[in-house]
Amino acid sequence: MNPQTSEHHFSAKQLSSEEGDIKRAKKDLKHFNVLYDRYYVRIFQYIYQRVQTESQAADITSDTFIKAMENLQSYKFMGVPFASWLFRIARNEVYLQHKKNSKIRQVNFSTDDISHIAEEIEEVTKNRTMLVVDAIKDLNSEETELIEMKYFEKRSYAEIASILNINENNAKVKTFRVVQKLKAIINP
Amino acid sequence: MENTSYKKDRPQLSENEILKNKDFNAALKNAAPKGNAFLKSIKYWGTGGVATIAIIASIYLFNNKTNIQNDSPNENFTYQPTDGLSQLTAIKPPFLEHDIAYEVFEIDCSKDAQIITKSGTIFSVAKNSLTDIEGNPITGIAEIHYRELRDPVDFFLSGIPMEYDSAGTTYTFESAGMLDIKAFQNEAPLLLAENKTIDFEFNSTTSDDGFNFYSLNEETGVWSMEDQCINVENEEAPQTQNKTTAPSIATQQPITPIKQNKVKYSLNLAVNKTDYPELEKYEGTIFEINESAEKFNPVVYKIQWENAVLSDSKIKDNYTLKLTREDSSIYLTVYPVVKDAYYKKAIAQYHKEMVAYKKNSNNNHDDFDAYEDDSDLSVSAEINNEITGVFYSNSKRRVTLASVGFGAVRRTFRLASLGVANCDMIQPPMRLPNLIAKKKTVDKNGKDLKVKNYYVANLQRNAIQSLTNTGGIKYYRRGESVAWFVGEDGFISIAHPKQFENIKNADALQFHIYPTRQGIDVLRDLMASK
């Protein structure tokens with residue numbers, strides 16, 4: 001799976017510039033196009049990772065930006081990239097689509113991703129890919145999400161924490177617990 | 001995971017393929033900002049539109065020029081994960097950006113390490129105490145992440161649950177101080193080795209008895225009482241003798257009290273201030289260390305100093321403090337500040353004296369600038385070793401120092417695992433909020449507010465309760481209560497303690513609405529005034 005370009009860490013100058021973009025968009029939504037252009041691909045990729053088809057991803061991405069525009073007035077700039085807020089909306093939208101419309105939640109991964117996890121848990125058997133995939137199937141939705149974000153999308157812990165709205169230390173600890181769980185599933 | 005398909009090596013979409021789905025104008029056309037849509041509705045204009053405009057205008061002004069456009073929050077929309085997505089951890093800070101920060105310390109795992117935190121807490125990590133998640137000893141440098149949560153605002157901002165379940169009954173904790181400690185190496189979490197402990201001298205928030213030691217399962221939010229005795233050492237410093245009331249200074253311009261900045265290091269010099277009347281002016285005066293003059297090493301707190309001399313500094317309104325012992329001495333630049341708890345009193349005194357001063361001098365001085373606290377943390381480091389002796393200043397003003405000390409309460413205990421631990425006391429039922437305010441809750445302008453979940457803190461106790469509003473806001477029978485809730489827009493609505501004094505005669509409980517940052521500051525000030 002292709003790694004997401006992590007642009008979670010902004011310089012103070014970039015953050016200040018983005019704050020200006022948000023203020024302009026709050027005054028007139030037409031100016032939201034700057035933020036839309038900046039984040040469209042990243043939000044689409046995030047959603048596409050979690051759905052079955054391109055058209056589903058396009059619809060949910062559209063819904064995500066519509067929700068963001070509709071609720072922009074209540075958005076408070078807190079010195080973190082606007083993307084964090086968009087990802088939280090996107091995450092919620094994927095969940096709602098999955099739940100309300102009985103859509104199938106898809107987990108996409110590459111052979112390399114699985115090899116990476118296999119190395120992490122020191123699984124060296126020949127059929128390790130299958131073992132790891134089977135073990136992932138035993139995880140609950142939130143555990144799967146952590147594996148997706150850390151190993152399939154190569155996100156930093158800071159970014160994972162910001163998307164899940166938990167603190168970074170919690171994201172680290174929780175991810176490692178999930179990896180341990182995978183290991184325990186494979187080698188009971 | 002149910003209703004899930006697992007797809008291996010699905011071809012990736014190129015950026016161009018993704019971009020062909022992009023259509024900003026279509027999204028813009030479909031976006032209906034809530035405020036505008038509401039304003040445009042016929043129903044709105046047809047039913048008391050003018051009155052509603054007046055209310056919106058009032059709210060706008062009341063909220064310190066913050067931009068509130070939504071007349072009624074949309075309950076169907078939330079950015080917070082819905083229930084099915086929120087089980088990652090029981091620790092859920094309400095504002096991630098305002099979560100209580102960790103201090104980070106680097107230690108060499110092969111050597112014993114003693115760590116002194118900003119709050120003055122000291123803990124020791126013995127060599128070879130840390131392992132990887134599988135229990136293998138590690139070597140090299142590890143990071144210790146540590147934070148303390150000391151009052152109801154800290155508890156609220158950290159999102160750490162403060163309820164304890166015992167035999168099916170839920171109790172609320174009163175805390176004497178909570179800590180959260182974790183260790184990492186190259187971002188991988190570490191564990192404390194079996195049979196190893198971390199010894200704490202914890203700077204507690206109270207000297208009261210009856211607190212037990214609990215650890216938190218961060219995943220489930222369940223607290224477990226540890227079978228451990230906590231030793232309490234009260235290091236209360238002797239109070240300065242011969243306190244006198246500050247002389248009337250109606251003919252001198254009053255000195256503006258500066259509020260203690262809790263993220264800065266401070267010293268409590270309990271001096272006889274006869275020769276330094278400016279230091280006696282406000283009760284609760286302590287000294288903050290001016291780190292712009294020189295970097296402060298908190299190890300100073302651990303050294304037993306034999307003598308100290310306070311003298312005027314070249315920096316305006318600052319003093320030089322020389323601490324000496326047999327083999328060494330250091331100079332610190334310090335300036336007087338007023339402790340949180342005394343600040344309101346100091347400000348009141350200042351205003352009173354300023355009125356007298358203005359009357360006397362007939363000058364047109366500017367009004368006192370409102371204090372703005374930029375501090376995020378609620379911890380302060382204060383000296384805890386004691387020095388006695390007679391001090392002489394360079395300016396020949398003799399200063400008799402009763403003591404140099406800090407009213408620290410040390411709780412000593414051992415941690416057998418990393419994570420969140422709390423010195424707690426279960427609140428008996430009579431200490432829980434057991435009175436219910438009228439069902440109606442309104443904003444400052446009398447407009448109904450919908451409150452689903454709210455917090456109530458007892459200003460007399462270091463406790464917070466998170467409650468669901470099922471027929472009225474609960475508050476405490478004794479002591480002062482403060483209640484607040486977080487709106488979907490991130491604004492914090494606060495019912496001030498005064499509300500609860502006269503609630504029986506009120507027909508509604510009024511909440512003041514603040515932008516997040518300001519709301520946090522207001523809560524901190526309320527807690528400090530207890």
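Per chain, numbering begins at 1; letters A, B, ... match sequence-line order. Given the structure is predicted, the values throughout are model-derived calculations rather than measurements.
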Chain A heavy atoms under 4.5 Å from B/K182: which part of the residue, side chain, backbone, both or neither?
side chain
Non-hydrogen atoms of chain B under 4.5 Å away: do they reach the side chain of A/V51, the backbone, both or neither?
backbone
Indicate whether any N or O donor in one side chain lies under 3.5 Å from an N or O acceptor in the other, for A/D59 and A/S62.
no
Heavy-atom pair count under 4.5 Å with chain B, highest-scoring of A/R177, A/Q180, A/E168
A/Q180
Tell me if the CD atom of B/E15 is crowded by more than 12 foreign heavy atoms within 6.0 Å.
no
In terms of heavy-atom pairs under 4.5 Å with chain B, which of A/N169, A/I104, A/D63 leads?
A/N169
Please walk me through it: do B/L179 and B/L149 pass side chain to side chain contact (heavy atoms under 4.5 Å, CB included)?
CA-CA 6 Å; B/L179 64 90; B/L149 306 117; over 6 Å; no
Side chain, backbone, both or neither of A/A161 within contact of chain B (heavy atoms, under 4.5 Å)
backbone
Name the region of A/K30, side chain, backbone, both or neither, that has any atom closer than 4.5 Å to a heavy atom of chain B.
both
Do A/Y39 and A/F65 have ring centroids that are under 6.0 Å from one another?
no
Please confirm whether A/R42 makes a cation-pi placement over A/F87, using NZ or CZ under 6.0 Å from the six-membered ring centre and within 45° of the ring normal.
no
Side chains of B/N453 and B/S466, donor plus acceptor under 3.5 Å:
no
Of the listed A/Y48, A/F176, A/Y157, the one with the largest count of heavy-atom pairs under 4.5 Å with chain B is A/Y48
Structural part of A/D37 lying under 4.5 Å from a heavy atom of chain B:
both
If I measure from the heavy atoms of chain B, does A/Q106 come under 4.5 Å with its side chain, its backbone, both, or neither?
both
Between the side chains of A/E18 and A/R38, is the shortest nitrogen-to-carboxylate-oxygen separation below 4.0 Å, so that they form an ion pair?
yes
Interchain contact, B/A188 with chain A, by part (heavy-atom threshold 4.5 Å):
both
Cationic tip of A/R91 above A/Y95 ring, under 6.0 Å, 45° of axis
no
Interface moiety of A/N33 toward chain B, non-hydrogen atoms closer than 4.5 Å:
both
